[in-house]
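Quick notes on the structure that follows.
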Amino acid sequence: MARQASLSGFTELLPAERVVELHVLDSLRRTFELHGFSSLETRAVETVGSLLQKGEIDKEVYAVSRLQADEDERGGRTDPQQLALHFDLTVPFARYVVENAGYLSFPFRRYQIQKCWRGERPQEGRAREFTQADIDVVGDGELPFVYDVEMALIAAEALAALPIGDFVIRINNRKLAEGFYRGLGLDDPTAVLRAVDKLEKIGESGVVAELVATAGATEEQARAALALAAIRTPDTGFVEQVRALGVEHPLLEQGLSELAEVIGLASRRAPGRVVADLSIARGLDYYTGTVYETVMVGHESLGSICSGGRYDALAVKGDRRFPGVGLSVGVTRLLARVLAQKLAVATRPVPTAVLVSLADEDGWAAADDVATGLRARGIPTEVAATAAKFGKQIKYADRRGIPFVWFTSVDDDGTVRHEVKDIRSGEQVPADPETWTPPADDLLPRVVPGD
RNA sequence: GUGGGUAUAGCUCAGUUGGCAGAGCGUCUGGUUGUGGUCCAGAAGGUCGCGGGUUCGACCCCCGUUACUCACCCCA
């Protein structure tokens with residue numbers, strides 16, 4: 001039998017790892033629902049036409065077609081009706097909002113946790129099939145700016161509940177950056193941002209060279225752009241620092257005041273978690289204001305684990321506009337690091353808390369009665385399949401991390417005696433199947449800090 | 001898409017100019033006639049990624065191919 005090779009970028013976890021993943025997903029869901037977000041799921045496929053805005057062919061998108069589809073049904077890569085797997089959740093959500101606008105109440109708050117697919121070369125933290133956990137608030141025509149603040153706070157709260165250690169949400173504002181560049185006389189903010197974004201990788205001189213080459217900047221303009229990107233403050237101190245650079249533009253002023261509001265309010269609620277970082281260039285495509293990016297402290301090379309921002313017109317229906325602000329948590333990415341470095345581990349890979357042992361082959365029904373009594377009180381229990389030697393039954397439990405083994409025996413006078421053994425300590429005590437309960441810590445698998 | 005590395009037991013890996021396919025860990029059995037973990041003894045487990053070539057003979061050398069992996073690009 002030929003071994004089925006693993007597929008690069010399509011990760012499959014072991015049971016103990018899945019416990020950690022479920023913990024992350026449950027935790028995110030809890031936080032999102034605490035903040036009043038409705039759950040939503042959209043289909044896995046969209047048409048290429050709705051996925052790719054400008055009709056350009058994106059090689060990262062996986063196309064979907066029936067194996068037996070004939071040539072013309074299969075369409076071409078240029079056919080906008082061709083089906084494809086979504087590569088994020090924002091675009092499908094925008095389509096959903098437009099389609100269901102009549103049934104939704106705005107501002108509409110939703111969270112969405114689903115798989116996404118991109119055909120990129122995989123690396124740690126970058127898979128071809130991955131899970132994103134998105135939250136967005138979408139308005140009809142208008143969306144109050146305070147949601148930009150709320151997003152940062154929800155992100156801080158959601159991430160703080162995950163076993164990922166310390167993190168920092170870096171926030172910038174695209175109006176600020178674009179206004180600054182225009183005030184400098186640079187007319188291609190996108191190219192400038194793209195170059196500045198590489199600062200950590202290629203260094204200052206590299207960025208200057210790229211700005212001169214691709215953004216039509218003079219060396220002086222490039223230096224000024226770098227000076228802006230160097231600004232990083234945990235409070236609203238960045239405003240003075242930007243003003244000190246002496247550039248003026250209406251868009252810059254608007255960006256400064258927006259970012260100051262986000263940072264001011266967010267740093268009060270979540271001190272140390274947010275920072276104004278004017279080098280953040282995330283979201284070039286559709287973000288128009290606030291942009292967020294989040295790194296795990298000590299794991300900066302992993303990249304952002306939670307990104308998003310404000311968009312003014314992602315969804316448009318006739319002359320109705322649906323502006324929004326949202327965030328994506330990269331569940332697969334952060335989980336990759338958590339699992340690889342054992343930042344958190346499961347206490348056991350199976351739900352089972354108790355294995356009811358079997359003394360003889362006729363005893364299964366009676367053992368199952370014990371198990372049923374335990375399960376009725378919420379205690380995950382399984383029954384041994386054979387009356388193997390007790391040593392083997394204990395070993396079975398030990399290998400799976402099942403903490404307790406239940407023994408039932410019948411005395412000469414017919415008295416039935418129940419005992420439960422904690423196989424970690426070896427302690428074995430009399431127990432009543434109707435009332436015995438394991439310690440709270442042992443009831444279900446838990447996720448605890450690793451080494 | 002571009003460039004490097006790797007591919008041998010379930011896992012981690014050795015394998016001598018080219019001469020019988022190996023170790024540790026894990027698994028199973030027994031020592032141990034009904035309570036595991038230690039210890040001892042034994043066993044099972046292989047298309048040496050795949051295809052071709054050179055050779056008396058290939059895990060080893062050559063060509064091709066596929067997969068995995070790291071980096072670049074880009075992004076969650």
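Everything quoted here is computed from the prediction, not taken from an experiment. Below, read A as the first sequence line, B as the second, and so on, with proteins coming before strands; counting in each chain starts at 1.
Proximity note for A:Q123 (side chain, C-beta onward) versus B:G36, B:A71, B:U32: the nearest is B:A71. Relative to the side chain of A:S307, the nucleotides B:G36, B:A76, B:G31 differ in distance, and B:A76 lies closest. When the nucleotides B:G36, B:U35, B:U32 are ranked by their closest atom to the side chain of A:K389, B:U32 comes out on top. Listed candidates were B:G36, B:U32, B:U35. Nearest to the side chain of A:E419 is B:U35.
A:K421 places its NZ atom 11 Å from the P atom of B:G37, with the value rounded to the nearest Å. Straight-line distance from the CZ atom of A:F167 to the C1' atom of B:A76: 16 Å, rounded to whole Å. Rounded to whole angstrom, the span from the NZ atom of A:K395 across to the P atom of B:G30 amounts to 10 Å. Regarding A:F10, its CZ atom lies at a distance of 12 Å from the P atom of B:A67, rounded to whole Å. Remark: C1' of B:G26 and CZ of A:R399 are 9 Å apart, rounded to the nearest angstrom. Here B:C11 presents its P atom at 11 Å from CG of A:L14, a figure rounded to the nearest Å. Following rounding to the nearest Å, A:L302 (CG) and B:C70 (P) show an atom-to-atom distance of 12 Å. If you take CD1 of A:I394 and C1' of B:G37, they are 10 Å apart, rounded to a whole angstrom.
As judged by a 4.0 angstrom heavy-atom cut-off over every strand, A:G125 is placed among the base-contacting residues. Within 4.0 Å of A:I423, counting heavy atoms only, lies at least one base atom of the nucleic acid. As judged by a 4.0 angstrom heavy-atom cut-off over every strand, A:A133 is placed among residues making no nucleic acid contact. Contacts of A:A397 with the nucleic acid, taken as non-hydrogen atoms under 4.0 Å apart, are absent. Contact annotation for A:Y396: no contact, since no heavy-atom pair falls under 4.0 Å across all strands.
The residue among A:R121 and A:R333 whose nearest nucleotide of RNA chain B lies closer to the 5′ end is A:R121.
Here A:Q393 does not reach the OP1 or OP2 of B:G36: none of its side-chain N or O atoms lies under 4.0 Å away. Within the 4.0 Å cut-off from OP1 or OP2 of B:U69, at least one side-chain nitrogen or oxygen of A:S8 is found. OP1 or OP2 of B:U29 has at least one side-chain nitrogen or oxygen of A:K392 nearer than 4.0 Å.
The P atoms of B:A41 and B:C25 are separated by 12 Å, rounded to the nearest whole Å. Nucleotides B:C59 and B:C70, compared at atom C1', are 25 Å apart to the nearest Å. One P atom belongs to B:C28, the other to B:G36, and the distance between them is 16 Å to the nearest Å. Here the separation of B:C62 from B:A58, taken at their P atoms, is 16 Å to the nearest Å. B:G46 sits 15 Å from B:G15 when the C1' atoms are compared, rounded to a whole Å. One P atom belongs to B:G19, the other to B:G57, and the distance between them is 15 Å to the nearest Å. Between the C1' atoms of B:A9 and B:G24, the separation comes to 12 Å (whole Å). For the P atom pair drawn from B:C11 and B:G26, the interatomic distance equals 15 Å after rounding to whole Å.
A donor N or O paired with an acceptor N or O is found under 3.5 Å between the base of B:A76 and the side-chain atoms of A:R118. Side-chain atoms of A:D398 come within donor-acceptor range of the base of B:G36, with a qualifying N/O pair under 3.5 Å. In this model, a side-chain donor or acceptor of A:R126 finds a partner on the base of B:C74 within 3.5 Å. Side-chain atoms of A:Q428 and base atoms of B:U35 include a donor and an acceptor less than 3.5 Å apart.
Nucleotide B:A76: unpaired (no Watson-Crick or G-U wobble partner with both distances less than 3.5 Å). Across all strands shown, B:A41 forms a Watson-Crick or G-U wobble pair with B:U29, both key distances being under 3.5 Å. Using N1 to N3 plus N6-O4 or O6-N4 for Watson-Crick, or N1-O2 and O6-N3 for G-U wobble, each under 3.5 Å, B:C20 pairs with nothing. Summarising the base pairing, B:G64 is matched to B:C50 through a Watson-Crick or G-U wobble pair whose two defining distances lie under 3.5 Å. When both pairing distances are held under 3.5 Å, B:A71 makes a Watson-Crick or G-U pair with B:U2.
Between A:F407 and A:I394 there is a side-chain heavy-atom pair separated by less than 4.5 Å. Looking only at side-chain heavy atoms (C-beta outward), A:R417 and A:V410 stay at 4.5 Å or farther from each other.
A:N172 and A:Y287 are not linked by any side-chain donor-acceptor pair at a separation below 3.5 angstrom, with hydrogens and angles left out of the test. Neither side chain, A:Y181 nor A:Q221, offers a donor N or O lying under 3.5 Å from an acceptor on the other. For the residue pair A:E157 / A:T31, no side-chain donor-acceptor distance below 3.5 Å is found, with atom types taken as modelled. When only modelled atom types and interatomic distance are considered, A:T42 and A:Q112 share a side-chain donor-acceptor pair under 3.5 Å. At a cut-off of 3.5 Å, with distance as the only test, no side-chain donor of A:T352 or A:R400 sits close to an acceptor on the other residue.
Stacking between A:F390 and B:G36 is absent: the aromatic ring centre is not both under 5.5 angstrom from the base six-membered ring centre and within 30 degrees in plane angle.
For the side chain to side chain donor-acceptor pair (under 3.5 Å) test with A:E258, the passing option among A:R174, A:R310, A:K175 is A:K175; the others fail.
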